[in-house]
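These numbers come from a predicted model, not from an experiment. Only heavy atoms go into these numbers, but all of them, side chains included; no hydrogens, no water, no symmetry mates.
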Amino acid sequence: MATQHTVKQGENLGKIAKQYKIGDWKDIYLHPSNADFRKKRPNPNIICPGDVIFIPEKKGQTVTVRTGSSHRFVVCRAYQELKLKLVDDNLNPLPNIKACYDLGQGEQTAATDRLGMLTIQVADPDLQTLSLKLYADEDPETPSHYYDVKLSYLDAADSLAGLQGRLNALGFDCGVVDGIYGKQTKAGISGYQKHKGMVVDGQASAAVYAAVAKDYGC
C-alpha cells in the first residue's frame, strides 16, 4: 500500500527502501509522485530530516516454473557507494593513501586514487558508523589518523547544520553539528574565510555556503 514517509536524522534512501521492503531505492526516488522531492534534493545521497517522500506500493513479479525441477532465483541488491576525498591543508588531493575500514564484517584495505578519492561499497543500508584508519605517514604499520564516519548524517549544503558538518570535515572546527550559530561555529567560519582570503567576519553568508559546498564536493 502506498504511503508517505517523513525522513528522520540518520536515514538514507537505501535504509528507507529496506524498511518498506522495496528492492531498489531508485524505485522510490524516481517515482513520478516524488518529482518535487527530486527538485528539492537533486542529489539522492543527501536527504534531510523533515523531508516527506512518497513510498509506492511494492512491485511484484509472476514467474512460471515446472514442478519436479530445481529453479534458481537471483536477488539483485542495490549497493550504495561511500566516496571520501582525502586532501591536505591546502585542499590538494592525497593520492595512494592506504586506508583500512570496517563495515562490521572485519577489516578491509583500500587506497585513494590519483584524485585522492576513496570509494567504499556499503551493502547494509542500516550501517550507521564506519571505522576508518589512514596511513598518511611514512610508517606503513602505524595509522596516522583514526575516524568514526557517521553515515547519512550530512544535511543539505544550504543549511547551517550542513555547513557545520562540511567545515568540520575540511578541518575548520565548528564544534557540534547542531544547526545553532554559536561562538564555535563563528570561529570555524572565520578560520575558513581567512584560509580562502575572504572578508573575515564569521558570518554564514551565501558566499561562504557556496565556497564550502564547492570545496567539499557536494
Side-chain angles (χ1 to χ4, degrees), residues 8-15 18 43 45-49 79-157 159-180 182-196 208 211-218:
K8 296 182 285 294
Q9 188 70 60
E11 289 188 325
N12 58 64
L13 286 172
K15 185 174 184 177
K18 181 180 178 181
N43 184 345
N45 298 306
I46 301 179
I47 61 178
C48 295
Y79 286 85
Q80 294 177 295
E81 283 190 339
L82 171 65
K83 294 186 176 182
L84 303 173
K85 185 173 184 179
L86 304 185
V87 298
D88 62 18
D89 291 341
N90 294 315
L91 303 183
N92 297 313
L94 294 172
N96 303 315
I97 299 297
K98 176 186 172 183
C100 292
Y101 58 91
D102 191 345
L103 296 173
Q105 298 177 336
E107 196 168 80
Q108 302 180 58
T109 302
T112 58
D113 64 16
R114 62 184 182 84
L115 299 177
M117 295 297 300
L118 180 68
T119 302
I120 300 172
Q121 282 197 333
V122 181
D124 182 5
D126 289 329
L127 186 69
Q128 293 186 320
T129 304
L130 179 142
S131 297
L132 179 67
K133 294 186 293 188
L134 302 178
Y135 296 79
D137 295 336
E138 294 182 359
D139 184 354
E141 303 298 328
T142 305
S144 58
H145 300 80
Y146 293 85
Y147 295 99
D148 283 330
V149 183
K150 295 184 69 176
L151 306 179
S152 304
Y153 277 81
L154 183 67
D155 286 339
S159 68
L160 183 57
L163 180 67
Q164 291 170 325
R166 286 165 175 78
L167 283 173
N168 283 348
L170 291 172
F172 302 94
D173 185 14
C174 288
V176 178
V177 178
D178 54 11
I180 299 174
K183 291 182 178 179
Q184 190 61 52
T185 297
K186 182 177 181 178
I189 294 173
S190 296
Y192 178 78
Q193 290 173 321
K194 183 178 180 180
H195 175 78
K196 297 289 290 185
V208 168
V212 170
K214 181 179 179 180
D215 285 339
Y216 187 84
C218 67

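Residues passing the salt bridge (charged side-chain N to carboxylate O under 4.0 Å, His left out) test with D215, sequence neighbours excluded: K196. Taking the side chain to side chain donor-acceptor pair (under 3.5 Å) definition, one finds that D113 meets it with nothing, sequence neighbours left out.
Between the OH atom of Y153 and the CD1 atom of I46 there is a distance of 16.0 Å, given to the nearest 0.5 Å. Y146 OH to C100 SG: the interatomic distance, rounded to the nearest 0.5 Å, is 10.0 Å. Here CG of D137 is found 11.5 Å from OH of Y135. Values are rounded to the nearest 0.5 Å.
Inter-residue side-chain proximity for L151 and L82 is flagged as met; some heavy-atom pair is nearer than 4.5 Å. Looking at Q184 and D173, their side chains come closer than 4.5 Å, going by heavy atoms from C-beta outward. In this structure, I120 and K83 have side chains that are not in contact, with every pair of non-hydrogen atoms separated by 4.5 Å or more. A heavy-atom distance below 4.5 Å is not found between the side chains of N92 and V87. Two residues are said to be in side-chain contact when any heavy atoms from C-beta on lie closer than 4.5 Å; D102 and Q108 fail this criterion. The closest side-chain heavy-atom distance from I97 to S144 is not below 4.5 Å.
Judged by distance alone, with hydrogens and angles left aside, the side-chain atoms of R166 form no donor-acceptor pair with the main-chain N or O of A161 at under 3.5 Å. Side-chain atoms of S159 come within 3.5 Å of backbone N or O of A156 as a donor-acceptor pair. Q164 contributes a side-chain N or O that, together with a main-chain N or O of I180, makes up a donor-acceptor pair within less than 3.5 Å. In this structure, the side chain of Y192 engages the main chain of A211 through a donor-acceptor pair within 3.5 Å.
When only modelled atom types and interatomic distance are considered, T119 and E81 share no side-chain donor-acceptor pair under 3.5 Å. No side-chain donor-acceptor contact under 3.5 Å links D88 and N90.
Shortest non-hydrogen contact noted between L160 and G179 is CD2-O, 3.4 Å. When all heavy atoms of V208 and Q193 are compared, the pair lying nearest together is CG2-NE2, 3.6 Å. In this structure, C174 and N168 approach most closely via the heavy-atom pair N-OD1, 2.6 Å. Across all non-hydrogen atoms, the minimal contact from C218 to N43 is CB-ND2, 4.1 Å. Contact detail for A157 and A213: the closest heavy-atom pair is CB-CB, 4.0 Å.
Between F172 and H195, the two ring planes are tilted [angle within 30° to 60°].
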Show the numbers, then the answer: is there a side chain to side chain contact (heavy atoms under 4.5 Å, CB included) between M117 and T112?
CA-CA 5 Å; M117 295 297 300; T112 58; over 6 Å; no

If you apply the rule side-chain hydrogen bond (donor to acceptor under 3.5 Å, both in side chains), what do you find for N12 with S152, and how did you get there?
CA-CA 6 Å; N12 58 64; S152 304; 2.7 Å; yes

Residue pair I47, L13: steps toward the side chain to side chain contact (heavy atoms under 4.5 Å, CB included) verdict
CA-CA 8 Å; I47 61 178; L13 286 172; 4.3 Å; yes

Only distances under 3.5 Å count here; give the side-chain donor-acceptor pairs of residues 125-134 to other protein atoms, sequence neighbours excluded, each with its distance to 0.1 Å.
residue, atom, partner, partner atom, Å
D126, OD2, K18, NZ, 2.8
S131, OG, D148, OD1, 3.4
K133, NZ, E107, OE2, 3.0

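If you run side-chain contact (heavy atoms from CB on, under 4.5 Å) between Y216 and each of L154, L163, L91, only L154 comes through.
Counting non-hydrogen atoms of neighbouring residues, nucleotides and ligands closer than 6.0 angstrom, the NZ atom of K186 reaches no more than 12 such neighbours.
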